[in-house]
Amino acid sequence: MSQPIRVRFAPSPTGYLHVGSARTALFDWLFARKHNGKFILRIEDTDVERSTEDMTRGILEAMTWLGLHWDEGPYFQSQRLDLYQETAERLLSSGHAYRDEGAIRFKVPEGRVTYPDAVFGEIAVENDTIENFVLLRSDGHPTYHLGVVVDDIDMRISHVIRGADHISNTPKQLLLYRALGASLPVFAHLPLILGPDKTRLSKRHGATSVMAYQELGIVPEALRNFLALLGWSPGTDQEIFDDAELIQAFSLDGISKANASFNPDKLAWFNAQYLSRLPQEKLMLYLKPELIKAGLWRNSLEKEESAWFQSLIDLLRPRAKVLQDFIRQSKVFLTSDIDYDPAAVEKFLKDPKVKEYLHILASRLQALPEFTLQNTETALRSLADELGIKAGVLINASRVALTGQAVAPGIFDVMTLFGRERTVARLRI
RNA sequence: GGCCCCAUCGUCUAGAGGCUAGGACGUGGCCCUCUCAAGGCCAAAACACGGGUUCGAUUCCCGUUGGGGCUACCA
């Protein structure tokens, strides 16, 4: 049968994991999963000057957060120096390389290189446009080209799926494969992700690191779904994919050649979608740390109060764009504090007559046999009828009295959530 | 500059010779409605340009323009 599918993601720990690399990692991961292959993580830390362990940690953390679990590794190139040196020596003695002031350079032969890219099709380059590149630095560390090729061969990588910024590097690497007598993997280059203005994605476009999105309250499911659709299309109109669907639908054929630009608005939409449809337990997993951070957490929320808390969360779900929205909007329900928005008070509670009405409403609610959503609504609406005023007057006033804000979930939901005692007390403003 | 690559609504994209050029985000309007969301419906919005090839080009070829990548003892 065919070779086992083995793909790798090979970041260099000279910076955080940015969204472009994350998208590459995601595609590698999807491809491996789709074909029951192995997803290998290799850290290309051969630039001793710029590589740090902190960055490595950050990259692993970001991948874990995104749910991109690797099957092998991480392998570190810095721990495999012997292999590269031996290979360089071999190239030296076979006449494919030569020494140059302590470094070892590859001797680019005459001719031209072509290779079939799984995404871009045939790529061809004349060898005389390729310089004699360095394989081994004078400090004994390999350069990128030697490192990747040696490792991809050694690790029996079947498909090299990486950013299109490597298209121009591939001919050099092809020459190396040839000089080493190794068979070629399939190369699939991914179009790059650019900023919203179609220029290279950089800090000035806002967050570019994966973990920055976590801090912004983006949920990994949303970022992953968004990234999956940047440069790849299932060929259908489906936008929301769970893991299984994505793996099922993913194919190299669906990858486009044109660079894509990062659209924060669409990411925000995906996030809102996921915030409203994520399973309760999953959402709680993301929410709990935020609530703790905000000082709003208490253990009873997942015990005695859990049913109540779930209904609060469900009310907030369609209103949340980022995780923090839950925090902001749940505060008035989770504490006894209330901040009255002056503008809201001015607009809906200023009239002394309205306060009178609220007192009457309070009494009616107090007298209700059962404090249910249905009963509170009936009570309020019939009171409005009796008073000859619009229900909206009572509703808006109640909203401000109860939450301090002019904007909140449906008032009867709010009342039910607060419960009779607190509702009545706050209406008696 | 040289080499390589790319080009459909503002953005992500479907399309693989003949389509009212489809979907999504965003935008505007309407509906729902107690506010805000969510949701539903509708609308505006694209084949970069010029040559070919063809009965017929968004689609194939060439060029121009624009954009991106590489051009390090960085990856």
Side-chain angles (χ1 to χ4, degrees), chain A residues 10-15 21 44-47 49-51 77 100-105 117 119-121 123-126 128-131 133-145 147-148 162-172 189 191-194 196-200 226 229-240 254 256-270 272-273 275-276 315-321 325 329 344 347-348 377 380-381 384 390-400 403 405-414:
Chain A
S12 138
T14 54
S21 312
E44 308 216 322
D45 55 350
T46 54
D47 182 342
E49 296 290 305
R50 303 193 305 145
S51 299
Q77 290 192 323
D100 176 34
E101 292 175 20
I104 295 179
R105 273 183 197 276
D117 192 285
V119 173
F120 288 87
I123 305 279
V125 173
E126 298 296 332
D128 58 19
T129 65
I130 305 173
E131 69 288 318
F133 54 96
V134 171
L135 295 172
L136 200 70
R137 291 192 269 253
S138 38
D139 67 0
H141 283 83
T143 60
Y144 166 67
H145 298 295
V148 247
R162 65 198 344 179
D165 46 340
H166 290 296
I167 287 181
S168 300
N169 291 326
T170 307
K172 295 178 189 169
H189 287 96
L192 268 18
I193 297 178
L194 309 178
D197 57 358
K198 283 276 186 184
T199 66
R200 197 189 175 104
F226 169 71
L229 261 16
L230 268 192
W232 172 78
S233 164
T236 66
D237 288 341
Q238 187 175 354
E239 299 276 339
I240 303 284
S256 68
K257 299 194 255 195
N259 290 166
S261 79
F262 191 95
N263 179 354
D265 284 337
K266 188 144 188 185
L267 172 58
W269 176 78
F270 272 111
Q273 289 293 316
L275 289 183
S276 62
L315 224 45
L316 267 24
R317 275 178 185 264
R319 280 164 248 263
K321 282 227 174 286
D325 288 336
Q329 293 167 22
K347 188 168 180 191
F348 297 115
E377 174 152 15
L380 184 145
R381 289 193 188 280
K390 285 197 208 165
V393 174
L394 291 180
I395 287 172
N396 286 323
S398 298
R399 178 175 296 109
V400 180
T403 69
Q405 307 298 311
V407 171
I411 191 62
F412 306 110
D413 285 310
V414 169

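Atoms considered below: every heavy atom in the structure, side chains included; atoms not considered: hydrogens, waters and symmetry mates. The sequence lines fix the lettering, A, B, ..., with proteins before strands; numbering per chain opens at 1.
- To the nearest 0.5 Å, atom CD of residue A:Q329 and atom CZ of residue A:R317 are 13.5 Å apart.
- Using a 4.0 Å heavy-atom cutoff across all strands shown, A:H141 reaches no nucleic acid atom at all.
- Separation of the P atoms belonging to B:U20 and B:C30 is 32 Å when rounded to the nearest angstrom.
- B:C3 and B:G69 make up a base pair, with Watson-Crick or G-U wobble contacts both under 3.5 Å.
- At whole-Å resolution of the value, CG in A:D47 and P in B:C73 are 12 Å apart.
- Using a 4.0 Å heavy-atom criterion, one finds that A:G163 contacts no nucleic acid atom at all.
- For the pair A:H141/A:E49, no side-chain contact is recorded, criterion being any heavy-atom separation below 4.5 Å from C-beta on.
- Counting heavy atoms from C-beta outward, A:S138 and A:E101 have side chains that stay 4.5 Å or more apart.
- The shortest distance between side-chain heavy atoms of A:H166 and A:Y144 falls below 4.5 Å.
- The interatomic distance linking A:K257 (NZ) with B:C6 (C1') rounds to 8 Å, in whole Å.
- When the C1' atom is used for both B:C47 and B:A16, the distance is 14 Å, rounded to whole Å.
- For B:C25, the paired nucleotide is B:G10, the pair qualifying as Watson-Crick or G-U wobble because both relevant distances are below 3.5 Å.
- For the C1' atoms, the distance from B:U59 to B:A48 is 16 Å, rounded to whole Å.
- When each of B:C4, B:U35, B:A24 is scored by its nearest atom to the side-chain atoms of A:W269, the top-ranked nucleotide is B:A24.
- The separation between A:L194 atom CG and B:G68 atom C1' is 6 Å, rounded to whole Å.
- The pairing partner recorded for B:C55 is B:G18, the criterion being a Watson-Crick or G-U wobble arrangement whose two distances lie under 3.5 angstrom.
- Side-chain contact between A:I123 and A:T170 is absent, with no heavy atoms from C-beta onward closer than 4.5 Å.
- Between A:L315 and A:I395, the residue anchored closer to the 5' end of RNA chain B is A:I395, taking for each the nucleotide with the nearest heavy atom.
- Straight-line distance between the C1' atoms of B:A46 and B:G51: roughly 23 Å, to the nearest whole Å.
- Taking atom CG of residue A:N263 and atom P of nucleotide B:C9, one finds them 14 Å apart after rounding to whole Å.
- Nucleotides B:A7 and B:G18, compared at atom C1', are 23 Å apart to the nearest Å.
- Out of B:C12, B:G22, B:C5, the shortest distance to the side chain of A:I123 is found at B:C5.
- Of the nucleotides present, B:G63 is the one that pairs with B:C49 by Watson-Crick or G-U wobble criteria, both distances under 3.5 Å.
- Here the straight-line distance linking atom CD of A:E377 with atom CD1 of A:I395 works out to 7.0 Å at 0.5 Å rounding.
- Using a 4.0 Å heavy-atom cutoff across all strands shown, A:E126 reaches no nucleic acid atom at all.
- Nucleotides B:C61 and B:U54 place their P atoms 16 Å apart, quoted to the nearest Å.
- The same atom, P, is picked in B:G67 and in B:G26; the two are 29 Å apart, to the nearest Å.
- Of all nucleotides listed (B:U35, B:C36, B:A7), B:U35 comes nearest to the side chain of A:N396.
- Side-chain N/O atoms of A:R200 include none lying less than 4.0 angstrom from OP1 or OP2 on B:G68.
- Heavy atoms of A:S398 sit nowhere under 4.0 angstrom from any nucleic acid atom.
- Between A:Y144 and A:S261, it is A:S261 whose nearest contact on RNA chain B lies nearer the 5' terminus.
- Base engagement by A:A103 is indicated by at least one non-hydrogen atom pair under 4.0 Å involving a base atom.
- At a threshold of 4.0 angstrom between heavy atoms, the contacts of A:F412 include nucleobase atoms, whether or not backbone atoms are also involved.
- Proximity of A:Q273 to the phosphate of B:G39: a side-chain N or O atom is located under 4.0 Å from OP1 or OP2.
- Contact between the side-chain N/O atoms of A:S256 and the OP1/OP2 oxygens of B:C6 is not found at any separation under 4.0 Å.
- Of the nucleotides present, B:C31 is the one that pairs with B:G39 by Watson-Crick or G-U wobble criteria, both distances under 3.5 Å.
- In this structure, NZ of A:K321 is placed 11 Å from C1' of B:G26, rounded to the nearest angstrom.
- The distance from atom CZ of A:R50 to atom P of B:A75 is 7 Å, rounded to the nearest whole Å.
- Distances shown here put every side-chain N or O of A:K172 at or beyond 4.0 Å from the OP1 or OP2 atom of B:A75.
- Counting any heavy atom pair closer than 4.0 Å across all strands shown, A:A10 reaches no nucleic acid atom.
- At a threshold of 4.0 angstrom between heavy atoms, the contacts of A:A408 include nucleobase atoms, whether or not backbone atoms are also involved.
- A straight line from CD of A:E49 to C1' of B:A72 spans 13 Å, rounded to a whole angstrom.
- For B:A75, its base sits under 3.5 Å from the side chain of A:N169 at one donor and acceptor pair at least.
- Across all strands, A:I411 comes closer than 4.0 Å to base atoms (heavy-atom distances).
- Annotation: B:U65 and B:A45 have their C1' atoms spaced 23 Å apart (nearest Å).
- A:P196 is listed as a side-chain neighbour of A:P264, based on a closest heavy-atom distance under 4.5 Å.
- Nucleic acid contact for A:E44: sugar-phosphate only, since backbone atoms but no base atoms lie under 4.0 Å from a heavy atom of the residue.
- Counting atom types as modelled, A:T143 pairs no side-chain N or O with a base atom of B:C73 as donor and acceptor under 3.5 Å.
- The side chain of A:T199 lies closest to B:G68, out of B:U71, B:G68, B:C12.
- No side-chain heavy atom of A:K321 sits less than 4.5 Å from a side-chain heavy atom of A:L275.
- Under the 4.5 Å side-chain criterion, counting only non-hydrogen atoms from C-beta, A:E239 is in contact with A:L229.
- A donor-acceptor contact under 3.5 Å is formed by the side chain of A:S168 with the base of B:G69.
- Taking atom CD on A:Q405 and atom C1' on B:U35, their separation rounds to 11 Å, with Å as the unit.
- Within the 4.5 Å cutoff, the side chain of A:L380 has heavy atoms near those of the A:S398 side chain.
- For B:A24, its base sits under 3.5 Å from the side chain of A:K266 at one donor and acceptor pair at least.
- Using a 4.0 Å heavy-atom distance criterion, A:P191 is classed as making no nucleic acid contact.
- Within the structure, a side-chain polar atom (N or O) of A:R381 is placed less than 4.0 Å from OP1 or OP2 of B:C34.
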